[in-house]
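Whatever order the structure lists ligands and atoms in, that order sets their numbers, starting from 1.
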Amino acid sequence: MSSYHFPANFLWGAATSAYQIEGDPLADGAGASIWHRFAHTLGRVANGDTGDRACGHYRRWAEDVALLAELGMTAYRFSVAWGRVLPDGRGAVNQRGLDFYRRLVDALVERGITPMLTLYHWDLPAALQDRGGWRNPDSPAWFADYAQVLFEALDDRVPLWVTINEPWVVTIPGHVDGELAPGLRDLGAAPRVAHHLLLAHLAAVAAYRASGRHQIGIAVNLEPQHPASAALADQLAAQRRDAFINRWFLDPLLLGSYPSEMAEIFGAAWPEEFMLNPPNPPFSKGGEMSLTTDFIGVNYYSRGLVQAEPTVRPLGARRVSPAAEVPITTMGWEVYPAGLTATLLWLRERYGALPLYITENGAAFSDPPAAHGVIDDAQRVDYLHSHLHAAALALEQGVDLRGYFAWSLLDNFEWAHGYAQRFGLVQVDPLTLARTPKRSASVYRDVIRRGWI
Ligand code: IFM
């Protein structure tokens, strides 16, 4: 591909989430989240790490906004900690918590940086978990009420809203594998947790339609699923995993029903009423997608190489490592930029020409120490370049892609991996919390400045 010029209004940003960067999770009257609890439970997070300190963004937010501006970013995706705003998850608003986000948004807008606000990036108030969390049929209403507080406070300055980040991750690693908060192993709960997350998205969108003036969408983790071998069992496994990860949430939102494979995957645990078409309550039917979402946020990291494995519940399949010579990140994820182009084209092909944002894309590597003041994270530079090219290829083919958010602005708390996995364009010193942009940050700034790749 020769050079590609991105559209003039293309948004260039970086993404973060509250628990991963803020620190001080209980400050100023905030209520504890399920992540606070989980991280403080022995053995749940590598090295006993917690988000108590994280990147100290709760105190250093102004410095971080200045950093975004220095790096030339035109947009910033962050999340709100529900429990800072509503310490019990419902009821009384904690003004000091809300004010933190007001100040952040004001500072972004002042610098000409477009805020994209995620309402839920995994940190459910612990008080709501005590009521069953996402298993409770009231959870969509809790979420919509919380969302309404934010809409009223910030919609005049926030033009892009994301309801839920990666509902699949909330459902499976959170409620089935027990790897992420709330750390449950309850296979039978998963279909309803997922359903409630979808209803929560819809309830927030409905509230937004009544009062909001901008755009609201959802961010999903997507990855092409390829069979690990030519064996029929692996091919079928890849198809199941495609339904499980890529279509479980998008099909009901944009096509009106769950993928047919879901009943096969969950067997008796799949509720009978979900097999109705449309399920109850109704999702969109073709052509009405604008009712259910204004855009899709794509979180893309890698592809899945899938092998049939009957003992793995519920899928009967697992993801396997690529061949030894293939580049991988320290998360063990294959570097596979072609999958980003394929994902963007697939979205248009399956769901129609709706606006898309790459809401997350990035890689963890073990960066070399600074030499002559420069952290030369060459692998991340390559990853960034190749994925921006991949995005450009989709744009060239007419995909309505409106922005790119690198994951992540800062090295941060990578959930159950603690601080061991580093995704940042900017290094954060674990002792002093000093920020040092890596070479990838300056390469990104150069791309933003010239507008082509
Ligand atoms: O750090 C996470 C983020 O919170 C959600 N998407 C994937 C990232 C990397 O694992």
Side-chain angles (χ1 to χ4, degrees), residues 13-23 25 33-36 38-39 44-47 49-51 54-55 57 76-82 116-124 162-175 177 179-183 197 217-223 245-246 249 296-304 319 328-336 339-340 343 357-367 377 379-380 383-384 387 404-428 440:
T16 62
S17 89
Y19 191 76
Q20 292 182 274
I21 66 162
E22 287 178 356
S33 73
I34 54 173
W35 263 98
H36 182 71
F38 188 78
R44 293 300 209 164
V45 175
N47 307 312
D49 289 344
T50 72
C55 306
H57 171 79
Y76 175 52
R77 174 176 177 234
F78 64 97
S79 80
V80 169
W82 187 336
M116 176 186 269
L117 187 158
T118 303
L119 288 160
Y120 186 67
H121 200 122
W122 307 357
D123 45 0
L124 191 74
V162 173
T163 54
I164 293 168
N165 186 68
E166 300 181 358
W168 183 85
V169 177
V170 176
T171 307
I172 298 298
H175 290 80
D177 301 336
E179 290 165 3
L180 302 179
L197 288 164
I218 187 167
V220 284
N221 50 299
L222 299 175
E223 49 177 43
I245 293 188
N246 296 328
F249 296 88
I296 296 295
V298 178
N299 292 359
Y300 177 83
Y301 289 88
S302 185
R303 69 167 164 168
R319 186 181 189 182
I328 56 168
T329 71
T330 49
M331 296 288 281
W333 300 345
E334 178 179 356
V335 177
Y336 190 72
L340 177 56
T343 297
Y357 291 88
I358 295 170
T359 36
E360 287 181 25
N361 175 242
F365 292 110
S366 60
D367 302 319
D377 56 338
Q379 290 167 295
R380 189 170 296 98
Y383 185 99
L384 180 67
H387 285 79
Y404 175 91
F405 293 81
W407 185 270
S408 182
L409 176 65
L410 305 169
D411 285 342
N412 61 42
F413 177 79
E414 177 54 24
W415 307 115
H417 298 279
Y419 297 96
Q421 296 288 342
R422 297 184 182 156
F423 279 88
L425 299 174
V426 175
Q427 184 199 61
V428 178
S440 55

Short N or O contacts of ligand 1 with protein, under 3.5 Å, listed by atom name?
{"unit_1": "ligand 1", "atom_1": "1 (O)", "unit_2": "Gln20", "atom_2": "NE2", "d": "3.0"}
{"unit_1": "ligand 1", "atom_1": "1 (O)", "unit_2": "Trp407", "atom_2": "NE1", "d": "3.3"}
{"unit_1": "ligand 1", "atom_1": "1 (O)", "unit_2": "Glu414", "atom_2": "OE1", "d": "2.6"}
{"unit_1": "ligand 1", "atom_1": "4 (O)", "unit_2": "Gln20", "atom_2": "OE1", "d": "2.8"}
{"unit_1": "ligand 1", "atom_1": "4 (O)", "unit_2": "His121", "atom_2": "NE2", "d": "2.8"}
{"unit_1": "ligand 1", "atom_1": "4 (O)", "unit_2": "Trp415", "atom_2": "NE1", "d": "2.8"}
{"unit_1": "ligand 1", "atom_1": "6 (N)", "unit_2": "Glu166", "atom_2": "OE1", "d": "3.4"}
{"unit_1": "ligand 1", "atom_1": "6 (N)", "unit_2": "Glu166", "atom_2": "OE2", "d": "2.8"}
{"unit_1": "ligand 1", "atom_1": "6 (N)", "unit_2": "Glu360", "atom_2": "OE1", "d": "2.5"}
{"unit_1": "ligand 1", "atom_1": "10 (O)", "unit_2": "Glu414", "atom_2": "OE2", "d": "2.6"}

Side-chain donor-acceptor contact under 3.5 Å, [X] with [Y]:
{"X": "Asp377", "Y": "Ser440", "answer": "yes"}
{"X": "Tyr301", "Y": "Thr329", "answer": "no"}
{"X": "Ser302", "Y": "Glu334", "answer": "no"}

* Asked: Can you tell if the side chain of Ile218 reaches within under 4.5 Å of the side chain of Pro167, non-hydrogen atoms only?
  ->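 Side chain of Ile218 against side chain of Pro167, heavy atoms only: contact under 4.5 Å found.
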* To do: Using the ring of Tyr336 (Phe, Tyr or Trp, six-membered ring only), decide whether Arg303 places NZ or CZ under 6.0 Å from its centre and within 45 degrees of its axis.
  => yes
* Classify the ring geometry between His387 and Tyr383 as parallel (under 30°), tilted (30 to 60°) or perpendicular (over 60°). =>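 Taking Tyr383 first and then His387, their aromatic rings lie parallel (interplane angle under 30°).
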